[in-house]
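Data block below; observations after.
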2 protein chains.
Amino acid sequence: MSHMVYGCLMAVDRDHVLRSAAALLTRKSTATMDEVAKAAGISRATLHRHFAGRDALVLALEALGIAECEAALDRARLDEDPARDAVRRLVREIEPAAGLLAFLYTENQLFEGEGQNEGWARIDDRIAALFRRGQAAGEFRIDLTPAWLTEALYGLLASGAWAVSEGRVAGKDFTHMIAELLLGGAVRREES
Amino acid sequence: MSHMVYGCLMAVDRDHVLRSAAALLTRKSTATMDEVAKAAGISRATLHRHFAGRDALVLALEALGIAECEAALDRARLDEDPARDAVRRLVREIEPAAGLLAFLYTENQLFEGEGQNEGWARIDDRIAALFRRGQAAGEFRIDLTPAWLTEALYGLLASGAWAVSEGRVAGKDFTHMIAELLLGGAVRREES
DNA sequence: CCGTGTTGAGACAAAGATGTCTCACATGGT
DNA sequence: ACCATGTGAGACATCTTTGTCTCAACACGG
């Protein structure tokens, strides 16, 4: 029975193709199927054997992004005190997926009317819940809504990923820059 | 000589078309020339009479964005103390252009290699100088680089514009949300 | 009323991307 | 050596967008 073997190899290849596509589309969101194929080191025909079309590819990338996000949320242990440390863990864990997130974040601006994957709603809720918990504990200010803080996190992840990929900021500072700006802002404060 | 008259009318029309295009492309960055024309209430032929092609339109939008940005920078009086108030003024003044900025910001991710308009470099410098001034005055923390704070401002403007256009946050909170997050962050602080 | 000049509608070809197909080739197991 | 399966290269039709063109309709000043 070679089906199992082939199935396994296909899965590996599929994952590799998916990650190549993510890396490319992060930099050039309008890349053609031909460019995606070349970036993955395969032909356009083989790319079409893995993903029926561009839509299917983007859908698969969205599923990958959601999966990586939820895995990062799990690893970040958002329920443990204090909330600001949970935010720092979250940014650290989600960093590897920031580029993909940036692509999907802007891509989603196009889906205007069409309903978007419910996975995002679940992720939004979990992140917003973290901010809400921090507010309830008196740790976070209450004039910035959890929804906005969640949105701002996405925006900062996206601009951070772009800034790093274009060399405007150092990659090693990514986590610190985003987490500390989101938590403490630009203004210097007396207490640590 | 009707040339003067027609020239004047053309200019008005051109500006109107430009702003319609900005409003549309802010929401749907892949809109076709046909959609842009319809949004402006003119035919595709007339759109082509104003702008040679899509590239020319985007170039014109970029010039408009740069002009509005610089005008906002001027109105914000970035040199006046204290720096945090200058940041608040900046966000308030730049808000009307946030949608256009978001479009151009993501659009520029595609211009990878090609050199981008030097107008952006000038704007980047002016904003970074504001943050640098705040740091020199001991007002802003020094572990967040001016370049990153500038980038973060763009990211927050973009995510703010999208969040408002999709109803995830209230439009009237736009300025406060962005400025206060950028300045003070999410963590509650004792001193005002 | 008559030109001048602009507009809108549509036809048209060119270019680019997509999806499908065929065929030759390589690889790996039997 | 043989066969099966996946792959790459390329041909092909189709679709969308673009850019250019023509022509009739319209407005407006003389």
Side-chain angles (χ1 to χ4, degrees), chain A residues 1-22 24-62 103 106-107 109-114, chain B residues 1-22 24-62 103 106-107 109-114:
Chain A
M1 294 299 174
S2 44
H3 301 91
M4 295 288 290
V5 178
Y6 290 126
C8 181
L9 288 177
M10 294 274 288
V12 168
D13 258 332
R14 184 188 154 99
D15 192 71
H16 167 245
V17 170
L18 219 39
R19 294 189 184 278
S20 304
L24 173 61
L25 290 172
T26 289
R27 296 193 309 272
K28 188 182 175 188
S29 58
T30 60
T32 68
M33 294 294 274
D34 213 21
E35 292 172 301
V36 171
K38 279 198 171 37
I42 61 177
S43 70
R44 198 162 67 93
T46 304
L47 178 60
H48 267 80
R49 287 184 188 108
H50 286 301
F51 306 98
R54 189 174 226 283
D55 291 351
L57 176 62
V58 173
L59 257 310
L61 281 172
E62 191 174 31
F103 164 68
T106 56
E107 193 80 357
Q109 304 303 326
L110 308 180
F111 295 166
E112 259 194 290
E114 321 165 30
Chain B
M1 295 299 175
S2 45
H3 300 91
M4 295 288 290
V5 178
Y6 291 126
C8 180
L9 287 175
M10 294 273 289
V12 168
D13 258 333
R14 185 186 152 99
D15 193 71
H16 167 245
V17 170
L18 218 39
R19 296 192 181 275
S20 304
L24 174 60
L25 291 172
T26 289
R27 296 193 308 273
K28 189 182 175 190
S29 58
T30 60
T32 67
M33 295 292 275
D34 212 22
E35 293 172 300
V36 172
K38 278 197 172 36
I42 62 176
S43 71
R44 197 163 66 93
T46 304
L47 178 58
H48 266 79
R49 287 184 188 109
H50 286 301
F51 305 98
R54 191 173 223 284
D55 292 350
L57 177 61
V58 173
L59 258 309
L61 280 173
E62 191 174 30
F103 164 68
T106 55
E107 193 82 357
Q109 303 304 324
L110 308 180
F111 296 166
E112 258 193 291
E114 322 164 30

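No experiment lies behind these values; they were computed from the predicted model shown. Within every chain, numbering begins at 1; the chains are lettered A, B, ... in the order of the sequence lines, protein sequences first and strands thereafter.
- Residues B:Met33 and B:His48 share a closest heavy-atom pair of CE-CE1, 3.9 Å.
- Side-chain nitrogen and oxygen atoms of A:Thr46 include at least one within less than 4.0 Å of the OP1 or OP2 phosphate oxygen of D:dG8.
- For the pair B:Ile42 CD1 and D:dC26 C1', the computed distance is 17 Å after rounding to whole Å.
- Of all heavy-atom pairs spanning A:Ala31 and A:Leu25, the tightest one is CB-CD2, 3.9 Å.
- Computed from coordinates, the A:Leu47 CG to D:dA9 C1' distance equals 15 Å when rounded to whole Å.
- One atom, NE2 of A:His50, and another, P of D:dT5, lie 17 Å apart when rounded to the nearest Å.
- Nearest heavy-atom pair across A:Phe103 and A:Leu61 is CE2-CD1, 4.0 Å.
- The NZ atom of B:Lys28 sits 13 Å away from the P atom of D:dT16 (whole-angstrom rounding).
- Nearest heavy atom pair, residue B:Arg14 against residue B:His50, reads NH1-O, 3.6 Å.
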Which letters describe nucleotides 17-22 of chain D, given B = protein heavy atom under 4.0 Å from base, S = only from sugar-phosphate, - = neither? SBBB--
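- When every heavy atom of B:Leu57 is checked against every heavy atom of B:Ala21, the shortest pair comes out as CD1-CB, 4.3 Å.
- Using a 4.5 Å heavy-atom threshold, the side chains of A:Phe51 and A:Leu18 count as touching.
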